[in-house]
Amino acid sequence: MFFWLKAFLSGLIIAAVSSLARRYPGFGALVASLPLISILGMIWLWQETKDPARMEAHVSATLWYVLPSLPMFLLIPWAMRHGVPFYAALLAGCVVTTVLYLVAVWLASRFGISP
């Protein structure tokens with residue numbers, strides 16, 4: 001039952017953001033930029049484990065994965081302004097993000113950090 005509650009609330013947030021963005025693109029972007037899914041994930045993890053060490057590891061790893069995803073938000077609008085269709089721009093953003101994830105994991109391991 002808890003799984004379905006988590007899935008419902010997470011899906012509701014995504015649906016609300018997309019509906020909001022249709023009417024108010026800037027406000028929708030603001031809400032989408034909030035780390036709501038990360039916060040919900042932390043709440044769900046805490047409710048299920050109450051384990052401070054696991055939470056610390058999760059939050060630290062989340063940081064390492066957020067950083068390489070940021071360039072995607074520069075690449076997609078830039079590509080679309082230059083005539084690249086949305087899905088091609090999205091795919092390029094996802095590919096760049098994946099490559100940057102791999103680089104981040106490699107760099108983290110070089111510094112003894114395990115994301």
Side-chain angles (χ1 to χ4, degrees):
M1 186 65 184
F2 189 54
F3 171 81
W4 293 111
L5 175 64
K6 293 187 299 186
F8 175 75
L9 286 176
S10 300
L12 188 61
I13 289 171
I14 293 167
V17 167
S18 68
S19 295
L20 183 63
R22 196 172 354 165
R23 285 206 148 134
Y24 309 103
F27 190 60
L30 172 66
V31 174
S33 73
L34 297 172
L36 297 173
I37 299 302
S38 295
I39 290 169
L40 282 175
M42 287 186 270
I43 291 169
W44 303 148
L45 179 62
W46 186 254
Q47 287 298 341
E48 293 172 355
T49 68
K50 302 272 196 280
D51 182 351
R54 186 175 297 219
M55 181 60 69
E56 183 275 328
H58 171 74
V59 174
S60 295
T62 300
L63 172 67
W64 280 99
Y65 290 119
V66 165
L67 293 175
S69 71
L70 295 177
M72 175 179 69
F73 297 101
L74 296 170
L75 176 62
I76 293 171
W78 178 86
M80 291 181 69
R81 272 194 299 273
H82 289 84
V84 177
F86 168 71
Y87 285 111
L90 180 62
L91 177 62
C94 291
V95 168
V96 167
T97 299
T98 301
V99 169
L100 291 175
Y101 281 159
L102 295 172
V103 170
V105 169
W106 177 77
L107 279 174
S109 69
R110 302 274 302 182
F111 290 100
I113 300 168
S114 177

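All values below come from the heavy atoms of this structure, side chains included, with hydrogens, waters and symmetry mates left out.
- Members clustered with Ile37: none, using a 4.5 Å side-chain heavy-atom cutoff among hydrophobic residues.
- There is a path of hydrophobic side-chain contacts, each under 4.5 Å, that joins Val17 to Leu30.
- Annotation: salt bridge (charged side-chain N to carboxylate O under 4.0 Å, His left out) contacts involving residues 39-56, sequence neighbours excluded, comprise Lys6-Glu48, Asp51-Arg54.
- Clustering ILVMFWY residues whenever any of their side-chain heavy atoms sit less than 4.5 angstrom apart, transitively, puts Phe3 in a cluster other than the one holding Ile43.
- Judged as a ring pair (Phe, Tyr, Trp, His ring centres under 6.0 Å), and not counting sequence neighbours, the contacts of Trp44 are Phe2.
- Here the OG1-CG distance, from Thr62 to Leu67, works out to 11.0 Å after rounding to the nearest 0.5 Å.
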Side-chain polar contacts of residues 19-29 - donor-acceptor pairs under 3.5 angstrom, sequence neighbours left out - could you list them?
residue	atom	partner	partner atom	Å
Ser19	OG	Ala15	O	3.1
Ser19	OG	Arg22	NH2	3.2

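- Contacts classified as salt bridge (charged side-chain N to carboxylate O under 4.0 Å, His left out) and involving residues 28-46 (residues at least two apart or in different chains) are not found.
- A search for side-chain contact (heavy atoms from CB on, under 4.5 Å) contacts involving Leu36 returns Ile13, Val31, Leu34, not counting sequence neighbours.
- Considering only residues two or more places apart in sequence or on other chains, Ile14 meets the side-chain contact (heavy atoms from CB on, under 4.5 Å) condition with none of them.
- Under the 4.5 Å side-chain heavy-atom criterion for Ile, Leu, Val, Met, Phe, Trp and Tyr, Leu45 and Trp4 are members of distinct hydrophobic clusters.
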N/O donor to acceptor pairs below 3.5 angstrom from side-chain atoms of residues 77-106, sequence neighbours left out:
residue	atom	partner	partner atom	Å
His82	ND1	Trp78	O	2.7
Thr97	OG1	Gly93	O	2.8
Thr98	OG1	Cys94	O	2.9

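- Separation of atoms CG (Leu63) and OG (Ser38) is listed at 10.5 Å; rounding is to 0.5 Å.
- When the side chains of ILVMFWY residues are joined at heavy-atom separations under 4.5 Å, either directly or via intervening members, Ile76 and Phe73 end up in a single hydrophobic cluster.
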